[in-house]
Protein chains: 2
Amino acid sequence: MSDNLLLEKQLCFRLYSLNKLMCRLYAPVLKELALTYPQYLAMLVLWQNTAGISVKDLGNQLDLDSGTLSPLLKRMESQGLLTRIRQSTDERVVIIKLTKKGIGLQQSAEHIPGEMFAVTGLTPDKLQHLNQELDQLIANISD
Amino acid sequence: MSDNLLLEKQLCFRLYSLNKLMCRLYAPVLKELALTYPQYLAMLVLWQNTAGISVKDLGNQLDLDSGTLSPLLKRMESQGLLTRIRQSTDERVVIIKLTKKGIGLQQSAEHIPGEMFAVTGLTPDKLQHLNQELDQLIANISD
DNA sequence: ACTAAATTAGTTGTACACAACTAAATTGCA
DNA sequence: TGCAATTTAGTTGTGTACAACTAATTTAGT
């Protein structure tokens with residue numbers, strides 16, 4: 001019996017653990033903005049698309065399907081962060097557009113990336129290197 | 001307005017995406033064992049503790065609390081993979097012990113790590129290096 | 001023009017994660 | 001010894017993820 005099935009050997013477990021740790025790290029900061037972690041990731045996309053973006057395109061950027069996004073966006077709509085309007089030129093498409101409140105929240109989020117980077121204890125060079133390695137891995141797996 | 005809030009710059013998003021990709025990568029293989037991804041991670045610990053392990057110790061290794069573990073273990077118990085027996089010397093503690101079926105499943109899982117490694121497209125050296133970087137990051141964040 | 005195939009969101013059901021809480025048992029200290 | 005603090009699992013409620021499905025709309029081929 002080989003020892004390949006040891007938890008400590010698994011890359012997948014490290015990614016599983018790190019994702020949860022990141023989530024917990026962001027949680028208290030995001031609480032001040034009344035955002036969950038996935039909602040924050042969605043806001044990152046929406047802040048770059050203040051003219052509006054379809055649920056499909058949002059899902060492509062976040063790698064999430066409508067089964068996850070629809071209820072998430074509904075909750076954010078009920079918080080007054082965004083509007084969901086069906087496109088008149090193609091009634092299948094729903095366009096997500098930030099409200100003034102949603103756009104305004106970006107100001108309050110500006111400090112987050114720097115703060116989180118500090119906690120990682122990484123140098124800018126090491127962060128960039130790690131990002132590249134992870135991008136390569138994502139590319140290999142997603143093919 | 002700086003561009004620190006771009007999704008593409010976030011380490012956290014890469015970890016979020018990679019964790020989901022890993023989960024999807026394992027899903028079809030684990031389906032043959034009738035295990036979910038978190039259940040597989042739990043089995044990795046249990047296969048190393050066939051004499052039994054408390055819910056607390058299992059939670060420490062997986063970084064999960066009883067709120068997640070209790071229902072997960074209940075489902076695995078109902079699948080006949082393990083037993084949950086309250087310790088007589090300390091009635092607060094519940095000992096998780098694999099059944100013969102649970103132990104037997106390890107045979108069917110032996111091929112998984114090698115198969116998953118192949119998909120990553122990494123060399124053994126690169127995998128080891130990446131694992132070390134992630135361990136360092138985990139240590140920095142968990143402190 | 002007509003219809004089969006494709007596209008887009010949304011719904012339903014299952015399984016995590018986790019905060020906040022409860023309940024029971026044990027420990028430790030005045 | 002008596003009891004407050006701690007430890008251990010479990011429960012409840014909310015929010016993702018995702019498979020499988022539905023419903024409505026649009027596209028494309030004949």
Side-chain angles (χ1 to χ4, degrees), chain A residues 12-13 15-28 30-31 34-43 53-60 62-79 81-96, chain B residues 12-13 15-28 30-31 34-43 53-60 62-79 81-96:
Chain A
C12 69
F13 179 64
L15 294 170
Y16 168 82
S17 294
L18 257 176
N19 180 53
K20 286 194 300 174
L21 286 172
M22 279 289 175
C23 193
R24 291 176 203 157
L25 192 63
Y26 277 75
L30 295 178
K31 192 168 188 178
L35 290 175
T36 66
Y37 191 65
Q39 287 170 8
Y40 170 70
L41 296 177
M43 289 301 284
I53 184 174
S54 70
V55 173
K56 178 186 167 54
D57 289 346
L58 181 58
N60 282 340
L62 294 172
D63 193 19
L64 287 174
D65 67 3
S66 68
T68 301
L69 275 181
S70 288
L72 181 147
L73 293 170
K74 236 166 151 180
R75 282 186 287 269
M76 294 174 78
E77 183 185 36
S78 75
Q79 307 249 322
L81 294 176
L82 51 82
T83 59
R84 289 138 47 73
I85 298 174
R86 212 160 270 272
Q87 201 173 54
S88 55
T89 59
D90 186 341
E91 294 276 355
R92 290 171 304 184
V93 177
V94 167
I95 297 296
I96 305 302
Chain B
C12 68
F13 179 63
L15 294 170
Y16 168 82
S17 294
L18 257 176
N19 181 52
K20 286 194 300 174
L21 285 172
M22 278 292 174
C23 192
R24 292 176 202 156
L25 191 64
Y26 277 75
L30 294 178
K31 192 168 187 177
L35 290 176
T36 66
Y37 190 65
Q39 286 170 10
Y40 170 69
L41 296 177
M43 289 301 284
I53 183 174
S54 70
V55 173
K56 177 186 168 54
D57 289 344
L58 182 58
N60 282 341
L62 295 172
D63 194 18
L64 288 173
D65 67 3
S66 68
T68 301
L69 275 181
S70 288
L72 181 148
L73 293 170
K74 236 165 150 180
R75 283 186 287 270
M76 294 174 78
E77 182 185 37
S78 75
Q79 306 251 323
L81 294 175
L82 51 82
T83 59
R84 288 139 46 71
I85 298 174
R86 212 160 271 274
Q87 201 172 56
S88 56
T89 59
D90 185 343
E91 294 275 353
R92 291 171 302 182
V93 177
V94 168
I95 297 296
I96 305 302

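Proteins get letters first, then strands, A, B, ... in listed order; numbering begins at 1 in each.
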I need the [atom1]-[atom2] distance between [X] and [N], as an integer number of Å.
X       : N      : atom1 : atom2 : answer
B:Lys31 : D:dC18 : NZ    : C1'   : 12 Å
A:Leu58 : C:dG10 : CG    : C1'   : 15 Å
B:Leu82 : D:dA9  : CG    : P     : 14 Å
A:Leu62 : D:dA17 : CG    : P     : 10 Å
A:Leu73 : D:dA17 : CG    : P     : 12 Å
B:Asp65 : C:dT22 : CG    : P     : 17 Å
A:Leu64 : D:dA19 : CG    : P     : 12 Å
A:Leu69 : C:dT12 : CG    : C1'   : 17 Å

Dot-bracket summary - DNA chain D, pairs being Watson-Crick or G-U whose distances fall under 3.5 Å, with | when paired to another strand: ||||||||||||||||||||||||||||||
Atom pair [atom1] ([X]) and [atom2] ([Y]), whose distance is rounded to the nearest 0.5 Å:
X       : Y       : atom1 : atom2 : answer
B:Leu30 : B:Cys23 : CG    : SG    : 8.5 Å
A:Leu58 : A:Leu72 : CG    : CG    : 8.5 Å
B:Leu62 : B:Leu69 : CG    : CG    : 6.0 Å
B:Ile53 : B:Leu82 : CD1   : CG    : 12.0 Å
B:Glu77 : B:Thr83 : CD    : OG1   : 7.5 Å

Would you check, one step at a time, whether the test side chain to side chain contact (heavy atoms under 4.5 Å, CB included) holds for A:Leu64 with B:Lys20? CA-CA 10 Å; A:Leu64 287 174; B:Lys20 286 194 300 174; 3.2 Å; yes
Sequence neighbours left out, what passes side-chain hydrogen bond (donor to acceptor under 3.5 Å, both in side chains) with A:Asp90? Give chain and number order.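 Listed in chain order: A:Arg92.
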Checking B:Arg75 now: which residues fulfil side-chain hydrogen bond (donor to acceptor under 3.5 Å, both in side chains) with it, not counting sequence neighbours?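 B:Arg75 satisfies side-chain hydrogen bond (donor to acceptor under 3.5 Å, both in side chains) with no residue once adjacent residues are dropped.
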When you measure from every atom of DNA chain C, which of residues 86-96 of chain A have a heavy atom less than 4.0 Å away?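 By residue number: A:Arg86, A:Arg92, A:Val93, A:Val94.
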For a quick test of reading the model, state the closest non-hydrogen atom pair linking B:Cys12 to A:Met22 and the distance between them. CB-SD, 4.0 Å
Least distance between heavy atoms, B:Met43 atom then B:Leu35 atom: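 Here B:Met43 and B:Leu35 meet closest at CG-CD1, 4.0 Å.
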Give, ordered by number, those residues of residues 19-27 of chain A having at least one heavy-atom distance below 4.0 Å to an atom of DNA chain D; if nothing qualifies, reply none.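 Contacts with DNA chain D under 4.0 Å: none.
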Pairing of A:Asp65 and A:Lys56 as salt bridge, 4.0 angstrom limit: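 A salt bridge is absent here (no side-chain N lies under 4.0 Å from a carboxylate O).
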Check whether any side-chain N or O of B:Tyr16 sits under 4.0 Å from OP1 or OP2 of D:dA17, and answer yes or no. yes
Which label fits A:Tyr26 and A:Tyr40: parallel for a plane angle under 30°, tilted from 30 to 60°, or perpendicular past 60°?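 Ring orientation of A:Tyr26 relative to A:Tyr40: tilted.
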Between A:Phe13 and A:Leu18, is any pair of side-chain heavy atoms under 4.5 Å apart?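 A:Phe13 vs A:Leu18: side chains apart.
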Are any protein N/O atoms closer than 3.5 Å to N/O atoms in nucleotides 11-15 of chain D? If there are, list each pair with its distance.
from   : atom 1 : to      : atom 2 : distance (Å)
D:dT11 : OP2    : B:Lys74 : NZ     : 3.3

In sequence, state the C-alpha distance, the side-chain angles, and the governing distance for A:Glu91 and A:Arg86, and then conclude on salt bridge (Lys or Arg N to Asp or Glu O under 4.0 Å). CA-CA 6 Å; A:Glu91 294 276 355; A:Arg86 212 160 270 272; 5.1 Å; no
